[in-house]
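Worksheet for the structure shown next.
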Number of protein chains: 2
Amino acid sequence: MADACQHHHHDGPPGAAEVERALDAAGTRLTAEGERMTAARSRVLALLLAAGEPVKAYDLIARFGEDGQPAKPPTVYRALEFLERKGLAHRIASISAYVACTSGGRDHAAAFLICDCCGTTREVSSPVAGDLGRAADAAGYAIERTTIEAHGRCPACRIAV
Amino acid sequence: MADACQHHHHDGPPGAAEVERALDAAGTRLTAEGERMTAARSRVLALLLAAGEPVKAYDLIARFGEDGQPAKPPTVYRALEFLERKGLAHRIASISAYVACTSGGRDHAAAFLICDCCGTTREVSSPVAGDLGRAADAAGYAIERTTIEAHGRCPACRIAV
DNA sequence: TTTGTGATGTTATCTCATAACACTCCGCCT
DNA sequence: AGGCGGAGTGTTATGAGATAACATCACAAA
Ligand SMILES: [Zn+2]
Ligand SMILES: [Zn+2]
Ligand SMILES: [Zn+2]
Ligand SMILES: [Zn+2]
């Protein structure tokens, strides 16, 4: 993450064990749904989980090979597209980055609180059913997907300079 | 706009007279604020107003010269950045496009209902004070700007195939 | 007129994302 | 076993979106 300030007070990226566990859970669920958790998909999800914050696609591409070899862009973009479709990852449009889903659900709408200072990002339940949904109803629109992202400062960065 | 279907039931782009009027109003307001409505800014705003729907940056670049000559990218991106800063235009992150503000206000948060079928886009008052604001408060985030975009089908496209 | 600031012109480059096509893997039918 | 057929990958190339850097210009204040 490009830091506007010096703080690095994330919850801390999950440890290897936690990543492993989340990965297993995702694989189990996908298999049950008749989908395949292939090597590329698993690797990209592992990178997202390990990062614990939004990651740029080309950073994933650079880190893809365990040996330091980068991947070809389509390899990663295909995996991202799949993970997003399955609700295991989300694209943050306002910063063109990707993040592992932290709400565990299947395909679902999500909203994000993004700290422009330290990069910390929180996924919160999407308020589609609320204000936006009412506005859409009033206008006669049938909503199919949403992009809801709020930028600002996280609690820690509000205090520090 | 890339049409998934054949419908073209926008409110219709505003006529030349309306564009001229909106342009004048914007110029007057900017002058009063000590800002300059330069040729490039005026031209880009005119193109956005005339389109009446989101336009890609490189379409603006292509249409920039009245004589058909394209502009250089920085010319248009600088104008867009200015217009956005002044609340006269908005960037729609989910489709990487730009649209003239239809709520007349100064710098302000906005939300959009976007029809994936015909491209019609409505700007609605941003629900920052609502659900999202509450989520941010609960998490301790101080919001500075938002990206709120809902994709789906407009009333007309819900009926037609 | 001088001088400083904001705006623009111009070139080059960077980042983000996808098209297209050949090939492989794997389950399934015969 | 043999032969589909569809999903997934590898690879090359290119399209689309955005900005860095620096020279120059316009304009109003001093
Ligand atoms: Zn999620
Ligand atoms: Zn922070
Ligand atoms: Zn607006
Ligand atoms: Zn429509």
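All chains are named by letter (A, B, ...) in the order of the sequence lines, taking the proteins before the strands, and each is independently numbered beginning at 1. Heavy atoms only: backbone and side chains are in, while hydrogens, waters and symmetry mates are out.
An OP1 or OP2 oxygen of dT15(C) is reached within less than 4.0 angstrom by no side-chain nitrogen or oxygen of Lys56(A).
Rounded to whole angstrom, the span from the OH atom of Tyr58(A) across to the C1' atom of dA18(D) amounts to 14 Å. Atom OH of Tyr77(B) and atom P of dA16(D) are 12 Å apart (whole Å). Protein atom CD1 of Ile61(A) is 14 Å distant from nucleotide atom C1' of dT11(D), rounded to whole Å. Per the geometry, CG belonging to Asp59(B) stands 8 Å off P belonging to dG17(D), to the nearest Å. dT11(D) atom P lies 11 Å from atom CD of Gln69(A), rounded to whole Å. Atom-to-atom, CG of Leu60(B) to C1' of dA18(D) comes out at 14 Å; the value is rounded to the nearest Å. The interatomic distance linking Leu80(B) (CG) with dT19(D) (P) rounds to 10 Å, in whole Å. As a whole-Å value, the separation of Ile95(A) CD1 from dT19(D) P is 14 Å.
Proximity of Asp24(B) to Glu20(B): side-chain heavy atoms (C-beta onward) are separated by under 4.5 Å at one or more points. The side-chain heavy atoms of Tyr98(A) and Lys56(A), taken from C-beta on, include no pair separated by under 4.5 Å. Side-chain contact between Phe112(B) and Ile92(B): present, with at least one pair of heavy atoms (C-beta onward) separated by less than 4.5 Å. Looking at heavy atoms from C-beta onward, Lys86(A) lies in side-chain contact with Glu33(A) at the 4.5 angstrom threshold. Taking 4.5 Å as the limit, every side-chain heavy atom of Phe82(B) sits out of range of all side-chain heavy atoms of Val44(B). Under the 4.5 Å side-chain criterion, counting only non-hydrogen atoms from C-beta, Val55(A) is in contact with Arg63(A).
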Which pairs, protein N/O on one side and nucleotides 5-11 of chain C N/O on the other, fall under 3.5 Å?
{"residue": "dA7(C)", "atom": "OP1", "partner": "Arg41(B)", "partner atom": "NH1", "Å": "3.4"}
{"residue": "dA7(C)", "atom": "OP1", "partner": "Arg41(B)", "partner atom": "NH2", "Å": "3.2"}
{"residue": "dA7(C)", "atom": "O5'", "partner": "Arg41(B)", "partner atom": "NH2", "Å": "3.3"}
{"residue": "dT8(C)", "atom": "OP1", "partner": "Thr38(B)", "partner atom": "OG1", "Å": "2.3"}
{"residue": "dG9(C)", "atom": "N7", "partner": "Arg78(B)", "partner atom": "NH1", "Å": "2.9"}
{"residue": "dG9(C)", "atom": "O6", "partner": "Arg78(B)", "partner atom": "NH2", "Å": "2.6"}

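Comment: Asp131(A) engages Arg134(A) in a salt bridge, judged by a side-chain N to carboxylate O separation of less than 4.0 angstrom. Contact check on Arg29(A) versus Glu35(A) returns no salt bridge, with no Lys/Arg side-chain nitrogen under 4.0 Å from an Asp/Glu carboxylate oxygen.
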>> For Watson-Crick and G-U wobble pairs within 3.5 Å on both distances, what is DNA chain C written in dot-bracket notation, | included for inter-strand pairing?
In response: ||||||||||||||||||||||||||||||
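With 3.5 Å as the limit, one finds no donor-acceptor pair spanning the side chains of His151(B) and Thr146(A).
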